[in-house]
Amino acid sequence: MNYDVLLLRFGEFILKGKNRRRFEKSVLCHVESVLTPFPKAKLRSEFGRIYVHLNGEIASELIPVLRKVFGIASISPVIACASNLEEILTTCQDFLEQLNIQEDTTFKVNARRVWKGFAHSSHEMNHLVGSLLLTNFQKLNVSMIKPTLELRVEIREKDTYIFCEVISAVGGFPRGSNGKAVLLLSGGIDSPVAAWSSMRRGLQVECVHFYSYPFTSQLAKEKVIDLARVLSGYSGEVKLHLVPFTDVQTSFTGIGQDSLIITLMRRSMLRIATMIAEREGALALLTGESLGQVASQTLSSMNAIGRATDLPLLRPLVMMDKNEIIEIAKNIGTYDLSIQPYEDCCTLFVPEFPSTNPSLRIVERIEASLTSLPQLQQEAFSRTETIILSPSREARTKEQANIQEDWF
Amino acid sequence: MIYWDHAASTPPYEDVIRTISEVMKEHYGNPSSMHTLGENAGKLIKRAREGCASTLGVNPMEVVFTSGATEGNNMAIKGTALQHMKRGKHIITTEIEHASVYESFLQLQQWGFDVTFLPVNSSGQVDPMKLASEIRKDTTLVSIMHVNNEVGAIQPIEAIGKLIKQKNRRTLFHVDGVQGFGKLSVDLRKWDVDLYTLSSHKFRGPKGTGLLYVREGVALTPLLTGGSQELGMRAGTENIPHIVAMAKAMRIAGERQETFTVGISLLRNRLLHTLREIPGIVLNSDEACAPHIVNFSYPGMKSEVFLHALDELDMLVSTKSACSSKLTEPSQVLLSMGRTSEEASSGIRISLGDCHTENDVEQLEYAIRSVVERLQPFLQRGMKR
């Protein structure tokens with residue numbers, strides 16, 4: 001079917017009173033940016049809605065792109081016609097003809113007269129449209145309760161919109177509308193999902209990655225950069241802070257408390273991430289932790305680790321099952337990258353039996369004995385490099401290796 | 001001298017040759033090594049894999065680099081047959097497959113597999129309904145080529161894919177895509193293909209390299225073990241310069257496919273038109289075939305004689321597939337298509353490439369006419385052994 005318009009409905013944030021305008025604006029901006037590959041499409045926003053006038057672009061190509069825009073709750077592909085009775089009736093008939101109706105389709109008409117100047121009331125329109133269709137389409141049966149086909153007719157002053165599909169979209173809040181947080185991005189399956197889930201709630205997410213070169217490879221770092229780039233597809237741009245973690249990490253080996261190394265490491269990471277958050281004006285830390293998944297994610301581990309920061313520690317995946325997380329990772333396009341097998345700094349120096357029940361008192365005592373730790377953390381923070389990633393391939397940082405583009 | 005054997009091998013692009021030498025010079029590291037040089041080599045493979053995957057419209061993780069189509073076909077067929085033998089030992093292919101497929105099936109037959117060889121009709125096509133009726137509960141694999149290498153017959157891959165999955169959704173579908181890629185449009189996702197073989201030197205890349213598409217979730221027993229390269233499906237140090245060069249050739253072939261198909265069809269149609277006018281010639285290809293292959297027979301004269309006579313006039317053609325052309329038996333493909341043994345012994349294959357011009361075709365036509373004139377008095381006698 002050749003649709004004329006896509007009708008985008010906003011999600012829960014339209015309830016938000018004074019901030020609504022700002023929210024709408026940022027969704028509009030987001031929609032604009034994802035529609036750049038479709039130059040003929042034109043946008044118009046109205047209370048609670050955005051209209052995408054297709055002008056010849058194909059609806060089925062735009063819909064998957066728009067479904068991913070945060071803040072949009074649903075999408076309807078619409079056929080428009082002039083707001084007079086005759087036009088409306090013929091267009092409705094055309095519309096149904098193109099739907100190729102099967103035997104025993106139940107249907108109802110749901111007309112809405114938004115423009116009160118129109119001569120017939122909503123109720124009258126239901127009858128007018130309904131009776132015309134019933135006479136012309138033998139296979140239709142009326143059903144007011146749960147019909148398989150609900151033809152909606154929305155009469156406005158300029159145009160009337162006719163549609164039946166309401167396609168659900170990702171929902172949530174407009175991108176970046178709920179403040180900024182810093183995410184610990186490991187390269188595994190979970191943390192990118194945590195990033196996406198947070199972005200959907202309107203958080204602006206900056207990523208922090210800890211690398212332990214030479215113990216971990218350059219490729220592990222590359223992988224995280226690739227992941228951040230995928231995430232930037234949802235937010236327009238992602239800041240990635242790369243923290244050299246080797247010295248902090250190695251300072252924990254040789255203290256004779258192997259089972260606590262993970263706890264110590266994670267606490268240092270949170271401290272460094274907190275410094276970055278403070279510098280960047282972020283108000284929370286985010287992790288991809290999920291309760292019980294590994295030793296460092298038991299409740300008592302989370303307690304011992306989480307106390308290393310004063311910032312709120314948000315764990316969007318904490319109650320999710322691994323399978324659900326994998327499902328999302330596949331949907332958002334990070335899964336294939338995440339499963340590439342490179343060592344990251346968390347798998348390095350992992351003790352054979354990490355403590356699932358670390359004692360906060362002992363951990364704090366060990367940290368107090370490591371007099372150089374604060375300085376090492378500070379150094380790691382100050383040697384952190386920051387790169388900004390955007391979804392386009394051209395923004396790829398030039399690798400130091402001599403790999404020429406024209407070879408491919 | 002004009003080369004008319006592009007179905008056997010194609011001249012590599014200048015750019016491809018340059019890429020090979022540059023990469024070879026600078027990136028001699030082993031991609032499995034952990035030092036910088038090794039890592040850089042790994043990056044090259046990664047980029048090449050992404051490139052090949054995007055040309056095919058699949059995920060990078062679904063691309064396994066091989067040493068070419070023979071390995072790809074062997075790997076796909078034996079690898080899946082062995083992997084799934086507990087589920088069933090019935091496998092299906094056609095009578096007109098390339099030797100690397102056909103002989104893999106023969107070997108599996110010797111190993112106790114139940115093999116069905118599907119016949120083809122007079123234009124070289126498999127009947128999808130006949131195929132569907134052969135699929136059983138214990139059928140684990142169907143392998144069918146996209147384009148036949150001798151006559152250019154195109155198989156209805158999309159219809160076949162749908163039918164296979166309808167009959168038994170666990171039956172895997174392998175397509176030998178060697179002669180189709182770059183010549184016809186390819187859509188693996190739409191076709192329900194699970195495995196798809198390519199060889200780089202058929203689309204102006206280097207020899208000795210190719211790829212096997214293995215759809216995500218498809219498991220196969222590796223034929224080569226000894227390392228975890230290529231996701232564990234194929235051990236052995238990767239041939240980096242050739243892999244990079246293949247990615248390049250593949251991109252170019254993908255980009256040019258439409259113009260190539262249109263341009264070459266015009267030349268092919270002209271050639272077919274001329275051949276129809278030459279008395280004694282029997283056509284084995286037509287306009288419905290892939291655009292780059294024209295096959296005809298000159299019954300009464302062994303193909304070899306015809307080939308050498310054309311060679312004298314600087315026209316390099318072939319008899320059947322290069323992999324089996326040195327064997328003196330009549331063409332199995334032509335026999336399966338219902339041709340007489342005389343016709344099948346006198347097949348000539350002309351395969352076109354994107355460097356050919358109208359003028360080249362004119363010269364070829366002239367050469368064929370004069371060879372026919374010269375050989376005509378000796379017909380029949382040429383058949384005596």
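The sequence lines fix the lettering, A, B, ..., with proteins before strands; numbering per chain opens at 1. All values below come from the heavy atoms of this structure, side chains included, with hydrogens, waters and symmetry mates left out.
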* With respect to A/F408, which candidate in B/M250, B/R47, B/E50 satisfies the side-chain contact (heavy atoms from CB on, under 4.5 Å) definition? -> B/R47

Evaluate whether atom [atom1] of [X] has more than 12 neighbouring non-hydrogen atoms of other residues, nucleotides or ligands under 6.0 angstrom away.
| X | atom1 | value |
| --- | --- | --- |
| B/R189 | CZ | yes |
| A/N2 | CG | no |
| B/K190 | NZ | no |
| B/R170 | CZ | no |
| A/K68 | NZ | no |

Distance-only criterion, 3.5 Å: show the donor-acceptor pairs between side-chain atoms of residues 201-211 of chain B and protein atoms not counting sequence neighbours.
residue: B/H201; atom: ND1; partner: B/S9; partner atom: OG; Å: 2.8
residue: B/K202; atom: NZ; partner: B/A7; partner atom: O; Å: 2.9
residue: B/K202; atom: NZ; partner: B/A8; partner atom: O; Å: 2.9
residue: B/R204; atom: NE; partner: B/P11; partner atom: O; Å: 2.9
residue: B/R204; atom: NH1; partner: B/D354; partner atom: OD1; Å: 2.9
residue: B/R204; atom: NH1; partner: B/D354; partner atom: OD2; Å: 3.4
residue: B/K207; atom: NZ; partner: B/S9; partner atom: OG; Å: 3.1

* Salt bridge A/K221-B/E39, side-chain N to carboxylate O under 4.0 Å -> no

* Check whether any side-chain heavy atom of B/K46 sits under 4.5 Å from a side-chain heavy atom of A/K223, and report yes or no. => no

* Asked: Excluding sequence neighbours, so at least two apart, what forms side chain to side chain contact (heavy atoms under 4.5 Å, CB included) with B/K248?
  -> B/D15, B/V16, B/R18, B/T19, B/R251, B/I252

* Just jot down the side chain to side chain contact (heavy atoms under 4.5 Å, CB included) partners of A/P77, sequence neighbours excluded, or say none. => A/Y3, A/L6, A/I63, A/E165, A/I167

* Between B/L44, B/L37, B/I20, B/L231, which shows the greatest number of heavy-atom pairs under 4.5 Å with chain A? -> B/L44

* **Proximity of residues 53-68 of chain B to chain A, residues having a non-hydrogen atom under 4.5 angstrom** => B/N59, B/M61

* Test side chain to side chain contact (heavy atoms under 4.5 Å, CB included) applied to A/W407 and B/E26, step by step -> CA-CA 12 Å; A/W407 286 345; B/E26 285 175 45; 4.1 Å; yes

* Point-to-point distance, once rounded to the nearest 0.5 Å, from CD of B/E22 to CD of A/Q404 -> 5.5 Å

